[in-house]
*Asks:* 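Quick one: this structure, given as C-alpha cells, is what I'll be asking you about.
Just so it is clear, the values below take in all heavy atoms, side chains as well, and ignore hydrogens, waters and symmetry mates.
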Amino acid sequence: MNRTHTNGEFRIKHVSQTVTIIGWVAKRRNFGSIVFMDIRDRTGIVQCVFNEALSEKVKDVRNEYVLEIKGTVVERKDKNPKLPTGEVEIIVEEVTIINTAATTPIIVADETDALEDTRLRFRYLDLRRPLMQKKLMQRHAITKAMRNFLDDEGFIEVETPLLTKSTPEGSREYLVPSRVHAGEFYALAQSPQIFKQMLMIAGFERYYQVARCFRDEDLRADRQLDFTQVDIEASFLSEVEFQTIMENMMVNVFKNVMGRDLPVPFRRIPFEEAMNRYGVDKPDIRYGLHLNDVTHLFSASEFKVFSSVIETRGSIKALVIPDYASITRKEIDALTDLAKKYGAKGLVVVKLVNGVIEGPAAKFLSESEKAALIGQLSLSENDLVLMVADAWEKACIAAGALRTYFRDTLKLVREDQFEFAWVVDFPLFEHDAEEDRLIARHHPFTRPKEEDAHLLDSDPLSVKACAYDLVLNGFEVAGGSLRIYDQQMQSKLFSLIGFSEEQIEKRFGFFVDAFKYGTPPHGGIAFGLDRLAMILTNSESLRDVIAFPKNASARCPLTDAPTPVETKQLDELHLTVVK
RNA sequence: GGUCCAGUGGUGUAGUGGUUAACAUGCCUCCCUGUCACGGAGGAGAUCGCGGGUUCGAUCCCCGUCUGGACCGCCA
C-alpha cells in the first residue's frame, strides 16, 4: 500500500506535506459536518479531520475500522499536549475504507475497563492497546540487547531439542507420546541444561539460546507453563569472570532499553547472609528493615515458645518496625496469619512504649531479657518488634514475609528503583523430608566448592556450591552455577542424591559417558526473560509481557486449550484415557 | 492438594429476602464546524454463572458445582 508515514511520527516539520497513512480508528468525534478521527498504528495516534464534503462518506465508520487516508498535514489551531503528534493534524482529502469492524467487547485503549480474563479471550484486541504494544516492544528490546551483547562477546546461538528425554528429577515434565514407538514418551525440555553442557564438551566455548522451556507445575503471577530463558554457558571462566560478563550484559540492557546506567559490580550476598538479613534467598535490597537474630538473648528463657526452639537449636528472628507501636489488634492478627502461612507457628509481638516493653508477649519475658532486647535492637520509643521462633530457615522465611509486607504497606520502594544483587555460596544439597534423602538444591550438575569437597561424605549439608542467583528487586531473574566436569565427581553427586548405579546409567548414562572425553571446566546461567521483562515494564504479572499466556488454571482463554482429542488421535498414539 | 476473594445488560461495577434490578461506559437514532474521555436529546440491551435447599416469595440466606483471580504446597 502507498503509506508514506507512520502515524506516530508527525511533528510540526511535516506541515504542508501531502501524506498517506493507514491505521485503525481509535476514536471518532462527530460534529455533523466536521468529523475528527484518531487513527492509530503501532507507532502512535494522529488526528485526522474530515470536512463537510467527506463527512457523509465516513458517516458509518466506527471504532477499529481500518482506513487508508490521503491528506495534508497542517498545524493545529488547538494543540493537544497529551499527544506526541498533538501539534499537527491531517486534513483528509481521500479516504478508503479497507475493512470494517464489529463493536469490540473491550475498549481498545490504555485505560480499558475489561478484566484480565476478558482481555485474554480477545487477546488480539487487547494487544492493540498502545500500553500492551509498548510492553511487547520493550521485551523485544531486552532480548535484542542481550543478543547483541552476547554476539559481541563471542557467544553463538545454538538451538537444542524441545522434544527430549524424560529425567524425572526436578520439576514435573510435559510428556509427549511417541506415535512411532508405542508406549514410549518424549519430555518437553524443562531447560536446555544437559544439551548446553554437551555443547561445552563439544568445544563451542561460548553458547547462548533464547530457549523455550516447559514445566508442568501450578501457575502464579510470575510463573507460566511455557516460558523463555536466555540460556547461557561458557568454558574456562571463573565464577567471578563469568558473573562480570553477565553484569555487563545487564548494564547493556538497562542502557539500551531504559537509557539508564547501572552501577557495577553488583553486590554479592552469601546465601546465609541473605536468609539472615532479608529472610529470603532473593532479597529486595532497595530498602532496609533488616532481620535481627536475637536467639542468644533468650538462651535461658522461660517462655516456652522460645525455650523449645532453643532446645532444638532453632532461631529467633526479630523485625523492628519503627514508630509502629499503635498497631491494631486486627493488623497483628493479619501479620500472625501471614507468618503462619509461611510455616511459622506464631508471632511474638512486643513494643516499646514509655520506655517499657509492652504488648501481648511482654509478660513472658524477664526484665533482663527486655533490657537486652532494647539494647540489641537499639529500640526507640514506639517501635514495634515482631519475633518468629522456629527452625532457622523457617524463622527466616516467615520473618522475611513480614519484611515484604511492610515494604508494600509502608511504601518503602519506588517503582523506578532497580537494584541487582548476586546471591552466592548456596548449599549444594538440601534435605527432602518427604523422601528423607539429600536432593540437589540447584541441580545435580552443580560443582561443589573445592574447599568443601572433603565434607561430601561426612557432612554433605554443609557443603557449599559454586551456584549463584541474580536477583532484582526481590525476584530471581537468573540462576546458574559452575558445573562438575570430572566424571568421578559427577557419579559421586548422583550417588549422594540416592541414585543407584543402574538409575544413573539409565537416566544420565549418555551424559556421564560424555565426561570421559576431555570435558572443559564450564559453567553458565539462565535468565528468566519473561520475569525480567515483567520487572522492567513495571508489570503486575508475567502475562502482561507474554503475547498469548495461559491463565492461572493452566488454560489458554483464547484457544481454550487444552481440549479433548479424537479417539483416532489417541489410537495412533497408543493411548487410552482412563477417567 | 489447600486457604482466601470474586461471578449482576457488550464491558466494568452498585444494590436488595418482596413493585419496573441502579450507575458508568459501550452500542443505536437524531442534533451540532474545533473536538481530543467532545457535548446535547432519545432508545435498545440482564432468564443477577449453574444445580439443589430454606421460604408464601431467593439475584440476595444455606449446600454443592463450575469459572476466574491471589497465595501456600509445588516450581532440580
*Asks:* How close or far is atom C1' of B:rC74 from atom CZ of A:F214, stated in whole angstroms?
*Replies:* 20 Å

*Asks:* Does A:R555 make a side-chain donor-acceptor contact with the base of B:rG68, cut-off 3.5 Å?
*Replies:* no

*Asks:* Does the distance from a Lys or Arg side-chain N to an Asp or Glu carboxylate O, for A:D544 and A:R119, drop under 4.0 Å?
*Replies:* yes

*Asks:* Would you give a per-nucleotide map of nucleotides 3-9 of chain B, 5' to 3', where B means the base has a protein non-hydrogen atom under 4.0 Å away, S means only the sugar-phosphate does, and - means neither?
*Replies:* -------

*Asks:* Does NZ belonging to A:K79 count more than 12 external heavy atoms closer than 6.0 Å?
*Replies:* yes

*Asks:* Without decimals, in angstroms, what is the distance between A:D408 CG and B:rC71 C1'?
*Replies:* 14 Å

*Asks:* Examine the base of B:rG26 for any acceptor or donor lying under 3.5 Å from a partner atom in the side chain of A:N63, and report the outcome as yes or no.
*Replies:* no

*Asks:* Expressed as a whole number of Å, how far does the C1' atom of B:rC61 sit from that of B:rG69?
*Replies:* 25 Å

*Asks:* What interatomic distance, in whole Å, is found between C1' of B:rU55 and the corresponding atom of B:rU13?
*Replies:* 30 Å

*Asks:* Are A:S553 and B:rU67 close enough that a side-chain N or O sits under 4.0 Å from OP1 or OP2?
*Replies:* no

*Asks:* What is the nucleic acid contact for A:I107, judged by heavy atoms within less than 4.0 Å: base, sugar-phosphate only, or nothing?
*Replies:* sugar-phosphate

*Asks:* Going by modelled atom types, is there a donor-acceptor pair between the base of B:rC75 and the side chain of A:R215 at under 3.5 Å?
*Replies:* no

*Asks:* Could you tell me how far apart A:F122 (CZ) and B:rG12 (P) are, to the nearest whole angstrom?
*Replies:* 10 Å

*Asks:* Quick one: do A:K449 and A:E239 make a salt bridge, cutoff under 4.0 Å?
*Replies:* yes

*Asks:* Determine which nucleotide pairs with B:rA41, using a 3.5 Å limit on both distances of a Watson-Crick or G-U wobble pair.
*Replies:* B:rU29

*Asks:* Need one value for A:A221: base, sugar-phosphate or nothing, where a base atom within 4.0 Å counts as base even if backbone is also close, heavy atoms only.
*Replies:* sugar-phosphate

*Asks:* Contact class for A:F445 (heavy atom, under 4.0 Å): base, sugar-phosphate, or nothing?
*Replies:* nothing

*Asks:* Looking at every strand, decide which applies to A:S55 at a 4.0 Å heavy-atom threshold: base, sugar-phosphate, or nothing.
*Replies:* nothing

*Asks:* Nearest whole angstrom, please: distance from the C1' of B:rC72 to the CZ of A:R220.
*Replies:* 7 Å

*Asks:* Taking only Lys NZ, Arg NE, NH1 and NH2, and the carboxylate oxygens of Asp or Glu, determine whether A:R223 and A:D218 approach each other closer than 4.0 Å.
*Replies:* no

*Asks:* Roughly, in whole Å, what's the span from OH in A:Y405 to C1' in B:rC71?
*Replies:* 15 Å

*Asks:* Tell me which nucleotide, if any, is Watson-Crick or G-U wobble paired with B:rC56 when both distances must be under 3.5 Å.
*Replies:* B:rG18

*Asks:* Under a plain distance cut-off of 3.5 Å, with no hydrogens placed, do A:S171 and A:E217 share a side-chain donor-acceptor pair?
*Replies:* no

*Asks:* Reading RNA chain B from 5' onward, which residue's closest nucleotide shows up sooner: A:R172 or A:A114?
*Replies:* A:A114

*Asks:* Which nucleotide, if any, forms a Watson-Crick or G-U wobble pair with B:rG34, using both distances under 3.5 Å?
*Replies:* none

*Asks:* Salt-bridge test for A:D38 and A:R29: reply yes if a basic N is under 4.0 Å from a carboxylate O, no otherwise.
*Replies:* yes

*Asks:* If the P atom of B:rC4 is compared with that of B:rC62, how far apart are they to the nearest Å?
*Replies:* 14 Å

*Asks:* What heavy-atom pair brings A:E331 and A:T409 nearest, and what distance separates the two atoms?
*Replies:* OE2-CG2, 4.5 Å

*Asks:* Indicate the ring-plane relationship of A:F515 and A:F511, choosing parallel, tilted or perpendicular according to the 30° and 60° boundaries.
*Replies:* perpendicular

*Asks:* Which base, if any, makes a Watson-Crick or G-U wobble pair with B:rG7, both distances under 3.5 Å?
*Replies:* B:rC66

*Asks:* What is the distance, rounded to the nearest whole Å, between atom CG of A:L115 and atom C1' of B:rU67?
*Replies:* 13 Å

*Asks:* Look through every strand shown and name the nucleotide pairing with B:rA46 as Watson-Crick or G-U wobble, where both distances are under 3.5 Å.
*Replies:* none

*Asks:* Measuring only the C1' atom in each nucleotide, how far is B:rG53 from B:rC60? A whole number of Å is fine.
*Replies:* 15 Å

*Asks:* Taking any heavy-atom pair under 4.0 Å as a contact, classify A:Q190: base, sugar-phosphate, or nothing.
*Replies:* nothing

*Asks:* Output one letter per nucleotide in nucleotides 28-38 of chain B: B when a protein non-hydrogen atom lies under 4.0 Å from the base, S when only the sugar-phosphate is that close, - when neither is.
*Replies:* SS--BBBBBSB

*Asks:* Which value, in whole Å, describes the distance between the C1' atoms of nucleotides B:rG73 and B:rU3?
*Replies:* 11 Å

*Asks:* As an exercise, state the distance from CZ of A:R128 to CZ of A:R40, rounded to the nearest 0.5 Å.
*Replies:* 6.0 Å

*Asks:* What verdict does the side chain to side chain contact (heavy atoms under 4.5 Å, CB included) test give for A:D231 and A:S191, after you've listed the backbone C-alpha separation in whole Å, the side-chain angles of each residue and the deciding distance to 0.1 Å?
*Replies:* CA-CA 8 Å; A:D231 191 52; A:S191 92; 5.7 Å; no

*Asks:* Measuring from the side chain of A:D218 (C-beta onward, heavy atoms only), which nucleotide among B:rA70, B:rG73, B:rC72 has the closest atom?
*Replies:* B:rG73

*Asks:* Would you mind reading off the distance between A:L120 atom CG and B:rU11 atom P, rounded to a whole angstrom?
*Replies:* 15 Å

*Asks:* Using the P atoms only, state how far B:rC48 lies from B:rU11, rounded to an integer number of Å.
*Replies:* 16 Å

*Asks:* With P as the reference atom in both, quote the distance from B:rG10 to B:rC75 in angstrom, rounded to an integer.
*Replies:* 43 Å

*Asks:* So, OP1 or OP2 of B:rA70: does either fall under 4.0 Å of a side-chain N or O from A:R543?
*Replies:* yes

*Asks:* Assign A:R121 to base, sugar-phosphate, or nothing according to its heavy-atom contacts below 4.0 angstrom with the strands shown.
*Replies:* nothing

*Asks:* When rounded to the nearest Å, what value does the distance between C1' atoms of B:rA58 and B:rU47 take?
*Replies:* 14 Å

*Asks:* Using whole Å, report how far CG of A:L125 lies from P of B:rG26.
*Replies:* 17 Å

*Asks:* Is it the case that A:Q47 and A:T85 place a side-chain donor and acceptor less than 3.5 Å from each other?
*Replies:* no

*Asks:* Would you call the rings of A:W392 and A:F271 parallel, tilted or perpendicular, taking 30° and 60° as the class edges?
*Replies:* perpendicular

